[in-house]
Number of protein chains: 2
Amino acid sequence: MIPRGPDRGAVAVRIDAMESSSATSSGSTRREATRQKLYEAAVTLIAEQGFSATTVDEIAERAGVAKGTVYYNFASKSVLFEELLRHGVGLLTASLRDAAARTEREGGTKVDALDAMIRAGLVFIDRYPAFTQLYVAELWRTNRAWQSTLMMVRQQAVAVVEGVLREGIERGEFSDEIDVQLTAAALVGMVLVAALDWQAFQPERSLDDVHAALSRLLQGRVSGSHQGH
Amino acid sequence: MIPRGPDRGAVAVRIDAMESSSATSSGSTRREATRQKLYEAAVTLIAEQGFSATTVDEIAERAGVAKGTVYYNFASKSVLFEELLRHGVGLLTASLRDAAARTEREGGTKVDALDAMIRAGLVFIDRYPAFTQLYVAELWRTNRAWQSTLMMVRQQAVAVVEGVLREGIERGEFSDEIDVQLTAAALVGMVLVAALDWQAFQPERSLDDVHAALSRLLQGRVSGSHQGH
DNA sequence: GTTTTTGCACTGACCAGTCAGTTCAAAAAT
DNA sequence: ATTTTTGAACTGACTGGTCAGTGCAAAAAC
């Protein structure tokens, strides 16, 4: 569809410009734009329906390109998906690291850093809910082609949280009895599930509300030794 | 569900006994057994591969029955899946309620109740990892046939946690400023993700380890006003 | 003798991936 | 400055295969 006339060339969408590869002076911006459109189409469809239930035809149609174009740009449906995963988690990891570094620079405590990362996580999920959804849905699946990609990418993100926890223990800010790995996983889960529930079941709430609720939990002001109210 | 070897009835699992329909004295146990086998086969396959990627032939084969039997017992593949969901979440909800009630009976605090529910959640996930996996993968998907079933069933489970939180606030045991819904979601997420990570990435850890880590977080002994170590 | 299961052939829809051909802007040739 | 060539990007009809669901007669279980 879309005879495309003299192709008014949708000039460079510039959605984000991650590590947008080479770009040799007269770089093929066209190709990059097409790939970006395909990512965007794929992420929502796969989040809604799952990988197998989403057809390449659907992705192509929503992106407004022909099916052949998908295969011109990606070796297969799975490869498209894998690159989508890498792309998305790259954004998240960068955002988390940034939040931690910023707190550090401003002389905050490690609790402040965790809190800032919680917020960064919420902002990310708010901006890319479909990606988050799809990530969670695939993370614990076994027996799948992109299993190893997913593991690597997960480790990348969780490592940031673990790092902050470890530094906190060294500084004596956290008890040295905490289990870094499990605690990091629990924190990630807390943010992930609360945020997805927020999006799905009470989208009218503000990000600040959600952040406040999670901060409270983090700081043990829900059930810890607390002070009246 | 979940094969688990030749199933020596370990600790009286009471797999069914839910609202297992009619059962007129000489109830058709045969049919029930077949359905159970199909649930068990379906749950692992779907957890591993996802709903669409799992074929009815595979389910039948793993369950050791003919394909026709699947359709004799369930109207369609989706219906089989929906009933599986109801079945599984029914078990979880019952277990959570039981944990809360037991604590109550023994005169524990509401924090104790939450703690007991965390443990009950972990035990459930430990026993039915495939179900948990599949549940998480489907929960936030939109546009799907069983979407409404899933919402009902989710609400059922989360409501138990919300109930305990509310009672805790009434009793003045928790701050009345906490957001019940968000906090409940966050707690569920904490347990869910920590447990799935435990299963997937460090299965050698004991349930007690995981429980201890989560307890600590719940009680604010990670970053709250804590006392040395 | 009724209920449940089996085995298996069949259908029709659907879908990942292919490929011969088209488009067009920029480079090269004139 | 005009024509020709090039090749990266894109197209969409087509293929080979898969799979949900059906139909049914005979066997097994109860």
Side-chain angles (χ1 to χ4, degrees), chain A residues 1-13 20-39 41-42 45-46 48-84 144-146, chain B residues 21-42 45-46 49-84 144-146:
Chain A
M1 60 155 38
I2 300 167
R4 217 154 242 287
D7 183 41
R8 260 297 34 252
V11 189
V13 182
S20 60
S21 70
S22 51
T24 40
S25 55
S26 64
S28 65
T29 316
R30 176 115 172 276
R31 199 148 196 265
E32 216 42 54
T34 303
R35 291 170 76 101
Q36 187 67 35
K37 277 194 295 183
L38 285 170
Y39 282 153
L45 284 168
I46 297 179
E48 279 166 15
Q49 309 178 323
F51 176 80
S52 324
T54 301
T55 69
V56 175
D57 288 276
E58 279 176 312
I59 296 173
E61 193 191 343
R62 178 166 307 187
V65 302
K67 187 176 190 177
T69 303
V70 176
Y71 286 93
Y72 182 77
N73 283 280
F74 300 95
S76 67
K77 188 186 170 188
S78 311
V79 168
L80 162 54
F81 184 56
E82 274 184 67
E83 299 199 8
L84 175 57
R144 280 195 128 5
W146 54 79
Chain B
S21 68
S22 49
T24 39
S25 54
S26 64
S28 63
T29 316
R30 179 126 168 275
R31 201 146 196 267
E32 215 42 54
T34 303
R35 294 171 76 102
Q36 185 67 32
K37 277 194 294 183
L38 285 170
Y39 283 153
E40 281 166 20
L45 285 168
I46 296 179
Q49 310 178 322
F51 177 80
S52 328
T54 302
T55 69
V56 174
D57 289 278
E58 278 177 312
I59 297 174
E61 193 193 343
R62 179 166 307 190
V65 303
K67 187 177 183 178
T69 305
V70 176
Y71 285 94
Y72 182 79
N73 283 280
F74 299 95
S76 69
K77 188 185 170 190
S78 309
V79 168
L80 161 55
F81 184 55
E82 273 184 68
E83 300 199 8
L84 173 58
R144 279 193 130 3
W146 52 79

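By convention in this document, chain letters (A, B, ...) are assigned in the order of the sequence lines, proteins followed by strands, and residues within each chain are numbered from 1.
Between R62(B) and L45(B), the shortest heavy-atom distance links the atoms NH2-CD2, 3.4 Å. Minimum heavy-atom separation, I59(A) to A41(A): O-CB, 3.6 Å. When every heavy atom of S52(A) is checked against every heavy atom of S52(B), the shortest pair comes out as CB-CB, 3.9 Å.
With contacts defined as side-chain heavy-atom distances shorter than 4.5 Å, the pair Y39(B)/L80(B) qualifies.
Distance CZ (R31(A)) to P (dC24(C)): 19 Å, rounded to an integer number of Å. Taking atom CD of residue E61(A) and atom P of nucleotide dG12(D), one finds them 12 Å apart after rounding to whole Å. Following rounding to the nearest Å, D57(A) (CG) and dA13(C) (P) show an atom-to-atom distance of 16 Å. Straight-line distance from the NZ atom of K77(B) to the P atom of dT22(D): 14 Å, rounded to whole Å. The interatomic distance linking F74(A) (CZ) with dC10(D) (P) rounds to 11 Å, in whole Å. A straight line from CD of E32(B) to C1' of dT5(C) spans 16 Å, rounded to a whole angstrom. If you take CZ of R35(B) and P of dT3(C), they are 17 Å apart, rounded to a whole angstrom. One can place OH of Y72(A) at 16 Å from P of dC19(C), the figure rounded to the nearest angstrom.
Between T34(A) and dC10(D) there is a side-chain polar atom (N or O) within less than 4.0 angstrom of OP1 or OP2. In terms of phosphate contacts, R30(B) brings no side-chain nitrogen or oxygen within less than 4.0 Å of OP1 or OP2 of dT4(C).
If you check every strand for non-hydrogen atoms under 4.0 Å, S52(B) touches nothing. Heavy atoms of V65(B) sit under 4.0 angstrom from primed sugar atoms or phosphate atoms, though from no base atom. Within 4.0 Å of S78(B), counting heavy atoms only, lies no atom of the nucleic acid at all. Here T69(A) lies in heavy-atom contact (under 4.0 Å) with a base.
With the nearest nucleotide of DNA chain C identified for both G68(A) and F51(A), F51(A) has the one nearer the 5' end.
For V56(A), the side-chain atoms get nearest to dA16(C) when compared with the rest of dG21(D), dA8(D), dA16(C). Nearest to the side chain of A66(A), among dT4(C), dG12(D), dA8(D), sits dG12(D). For Y71(B), taking side-chain heavy atoms from C-beta onward, the closest of the listed nucleotides dC10(D), dT5(C), dG21(D) is dG21(D). The listed nucleotides are dC10(D), dT5(C), dG17(C); the one nearest the side chain of N73(A) is dC10(D).
Donor-acceptor pairing under 3.5 Å, judged by distance alone, is present between the side chain of K67(B) and the base of dG21(D).
Between F51(B) and F81(B), the angle of the ring planes lies from 30° to 60°, which puts this pair in the tilted group.
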